[in-house]
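The structure under discussion appears below in the form of structure tokens.
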Amino acid sequence: MTSKEKKSFYITTTIPYVNADPHIGFALELVQSDAIARYQRLLGKEVFFSTGTDEHGQKIWEASQKESEEVQAYVDRYAQKFLDLKILLNISNDRFIRTTDPLHIKAAQELWRLCDKKDDIYKKKYKGLYCVGCEKFITERDLINGKCEFHPTLTPEIVEEENYFFKISKYKDQLLEYLNKPKSIFPEWRRQEAIEFVKENMEDFSVSRNAERFSWGVAVPGDEKQVMYVWFDAFVNYISTLGWPNPHPSPLPKGERENLFQKFWVDGEHIQTAGKDMVKFQSVMWQGMLMSAGLPTTDTVVYHGFITGEGGVKMSKSIGNVINPSEIVKEYGTDALRYFLLREISTFEDSPFTMERFKEAYNANLANGLGNLVSRVMTMASTHGVIVSDGEIEADRDNIQEAVVNYYDSFNIQMVTESIWSLISLLDSNIQQEQPFKLVKTSPQKAKDIIKHCVVTLFYISKYLEPIMPNTAEIIKKLIKENKKPETPLFPRKE
């Protein structure tokens, strides 16, 4: 069965640490994943979309201590902020998983047992550089000017202790076979990066920490002196959210609980989204753990670039140069932010986000672009009594831009949105060229035919926009159905 033949579709974001307020970088991942999930629903697929929060680890314990707060209360408070972000961005997820959930903890311990039964977990003493920001050991070759590439404000510590390690070296050949599948990773150059890492740099990795030094984590089965390394614990959310290793505790009557893991992970197409710094974690370490446990590997991991600030510096909570998405939504609206993240930010490459750039794109492409187009078309239609029936729209139901479909299939959401805006620009140009608002005086029927075509095209633009700007799409469809022009601008200009 090919992925296109599968009737169920599962997509999950990574789960961010709850050690600071949500910022625009994770908003990008949420909105990209949401657009993919909404598109798959439009295709008639049964979709399960998961996101959540990672609530264990040294960084979180330290952050709670700095705020003089009991750690569980701390993670509860910050988890709510990520739930608020989901509402703020109109995210259509089906589950919000928290790694402090007792069912998730049981799942993480079960995966540990399965790997241990394969003799893939062993104990040894280790001394090395440890980056608190990454929550992992790093090597000298990972350093830039003596600092971790991804946490340049933190100084790596020398840590020596006895931990459990995962024997990922045992799965080198299987991992290369997995990564040689073209759809295992998007974009292609990240797949090559993963292959190179497995061939050249892959080493067994630590999967536990000494409980005396650090206790905020999932207990290692059979060893109370060790807690699970936060990555081992966190990875399991991708299947624990589906109820693994047991059927999901849905509200169905007892005995009728659906096995979501079987439906979406085993029988369906399953996609993970992540930032570009996650390649060796998501596509190597996690896949090796799945292989060890005898579970299916991830079909596809899609990696996005970083959002950068002034001077091309990555936005980071540790650096302190983040933008708060709630402030943007308050002034410009949810769909304006979704638009910017999905069109003006590259799907796969690093892209800058500045308020100057945001405002310029908002005025040019939303206020003067889409908003103005909707007003022009619906003003002509309502003024001249041009009503488009459901049958006339249905007759044109195959009017789907092939480029939109192809870009969705390769998870390139920026190019999906770019294709929609090309259609918006084309419709606007046609109106300027044919000028039906003038033609109505000399050739009223021809003018009405042109206006009707404009309305039908606008309807299909709204259909394409559903995954990208769902609220705006609904407004446009409602205006067409009621044959009304907008009473107020969809996107008021900002001076």
Side-chain angles (χ1 to χ4, degrees), residues 1-6 8-15 33 36 40 47-50 97 104 107-108 110-121 166-199 201-205 207 229 231-245 259-276 278-303 409-411:
M1 179 182 288
T2 66
S3 62
K4 289 186 178 181
E5 292 172 331
K6 294 180 179 180
S8 59
F9 182 90
Y10 170 61
I11 185 167
T12 175
T13 68
T14 53
I15 50 173
S33 302
I36 295 168
Q40 291 294 327
V47 174
F48 193 95
F49 173 22
S50 183
I97 181 76
H104 169 79
E110 177 61 18
L111 194 89
W112 180 286
R113 292 187 189 98
L114 290 174
C115 295
D116 195 29
K117 284 180 182 177
K118 285 280 193 73
D119 197 29
D120 289 339
I121 295 178
F166 179 74
K167 200 182 296 181
I168 198 166
S169 53
K170 173 179 172 181
Y171 295 94
K172 182 174 183 177
D173 290 342
Q174 282 180 250
L175 284 166
L176 289 174
E177 182 181 358
Y178 163 76
L179 292 170
N180 277 324
K181 298 175 183 176
K183 282 198 69 176
S184 61
I185 291 177
F186 282 89
E188 170 63 19
W189 64 88
R190 298 292 175 212
R191 188 171 73 90
Q192 295 304 322
E193 180 183 321
I195 290 171
E196 182 180 353
F197 174 76
V198 173
K199 287 181 175 178
N201 299 318
M202 188 177 73
E203 299 174 347
D204 292 353
F205 60 92
V207 290
Y229 165 56
W231 287 103
F232 191 101
D233 154 27
F235 286 147
V236 183
N237 94 89
Y238 300 129
I239 55 177
S240 69
T241 192
L242 296 170
W244 184 88
N259 190 333
L260 299 182
F261 176 75
Q262 181 70 36
K263 174 184 282 189
F264 290 102
W265 192 271
V266 178
D267 296 335
E269 180 180 8
H270 48 286
I271 309 296
Q272 293 174 212
T273 60
K276 69 176 189 178
M278 295 287 106
V279 173
K280 62 185 174 184
F281 297 98
Q282 306 291 339
S283 290
V284 180
M285 293 163 64
W286 170 229
Q287 304 311 317
M289 289 162 56
L290 288 168
M291 291 171 182
S292 174
L295 300 174
T297 49
T298 307
D299 286 333
T300 304
V301 186
V302 182
Y303 293 101
D409 286 346
S410 60
F411 307 102

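Scope of the values below: all heavy atoms of this structure, side chains included, with no hydrogens, waters or symmetry mates.
Residues Y171 and F166 come closest through the heavy atom pair CE1-CZ, 4.3 Å. The two residues K118 and G294 come nearest to each other via the heavy atoms NZ-N, 4.4 Å. Considering all non-hydrogen atoms of both residues, K280 and V284 come closest at O-CB, 3.2 Å. Heavy atoms only, all atoms of each residue included: Y303 and S283 are closest at OH-OG, 2.6 Å.
By the side-chain contact (heavy atoms from CB on, under 4.5 Å) test, A234 pairs with I15, D54, sequence neighbours left out. Scanning for side-chain contact (heavy atoms from CB on, under 4.5 Å) contacts around E193 gives R190, V279, with sequence neighbours left out. Listed by chain and number, the residues in a ring pair (Phe, Tyr, Trp, His ring centres under 6.0 Å) with Y178 amount to none (sequence neighbours excluded).
Between L179 and V198, the closest side-chain pair of non-hydrogen atoms falls below 4.5 Å. Residues W286 and Q272 have side chains in contact (heavy-atom distance under 4.5 Å, counting atoms from C-beta outward). Side chains of K167 and I121 form no contact here, defined as non-hydrogen atoms less than 4.5 Å apart. Within the 4.5 Å cutoff, side-chain heavy atoms of F261 are placed close to those of L295. The shortest distance between side-chain heavy atoms of L175 and M291 falls below 4.5 Å. When side chains are defined from C-beta on, F48 does not count as touching S8, because their heavy atoms never get closer than 4.5 Å. No side-chain heavy atom of D267 sits less than 4.5 Å from a side-chain heavy atom of K6. Within the 4.5 Å cutoff, no side-chain heavy atoms of W231 are placed close to those of F205.
With values rounded to the nearest 0.5 angstrom, I239 atom CD1 is found 9.0 Å from Y10 atom OH. The CD atom of E177 sits 9.5 Å away from the OG1 atom of T297 when rounded to the nearest 0.5 Å. Annotation: the span from I185 atom CD1 to F411 atom CZ amounts to 12.5 Å, rounded to 0.5 Å. Here the OG1 atom belonging to T14 is positioned 10.5 Å from the CZ atom belonging to F235, to the nearest 0.5 angstrom. We find the CD-OG1 distance between Q282 and T12 to be 9.0 Å, quoted to the nearest 0.5 Å. Note that CG of L290 is 11.0 Å distant from CG of L114, once rounded to the nearest 0.5 Å.
No donor-acceptor distance shorter than 3.5 angstrom exists from the side chain of D299 to the backbone of I271, with no hydrogens or angles considered. No side-chain donor-acceptor contact under 3.5 Å links R191 to the backbone of F186. At distances below 3.5 Å, not a single donor-acceptor pair connects side-chain atoms of D120 with backbone N or O atoms of S292. No donor-acceptor pair closer than 3.5 Å links the side chain of W265 to the backbone N or O of L242.
Side-chain contact, E203 with S169: no donor N or O sits under 3.5 Å from an acceptor N or O. When only modelled atom types and interatomic distance are considered, Y238 and S50 share no side-chain donor-acceptor pair under 3.5 Å. Using a 3.5 Å distance cut-off with no hydrogens or angles, the side chains of T273 and S33 do pair a donor with an acceptor. In summary, the side chains of E188 and Q192 do present a donor paired with an acceptor at a separation below 3.5 Å, with no hydrogens or angles considered.
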Just do the side chain to side chain contact (heavy atoms under 4.5 Å, CB included) check on I36 and F49 with the steps written out, would you? CA-CA 10 Å; I36 295 168; F49 173 22; over 6 Å; no
Worked check of side chain to side chain contact (heavy atoms under 4.5 Å, CB included) between M202 and I168: CA-CA 8 Å; M202 188 177 73; I168 198 166; 3.9 Å; yes
Evaluate the criterion side chain to side chain contact (heavy atoms under 4.5 Å, CB included) for residue pair W244 and L260; output intermediate values, then yes/no. CA-CA 8 Å; W244 184 88; L260 299 182; over 6 Å; no
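Counting heavy atoms of neighbouring residues, nucleotides and ligands inside a 6.0 Å radius, atom NZ of K117 does not exceed 12 of them.
Salt-bridge annotation for E269 and K183: present, with a side-chain N of the basic residue lying under 4.0 Å from a carboxylate O of the acidic one.
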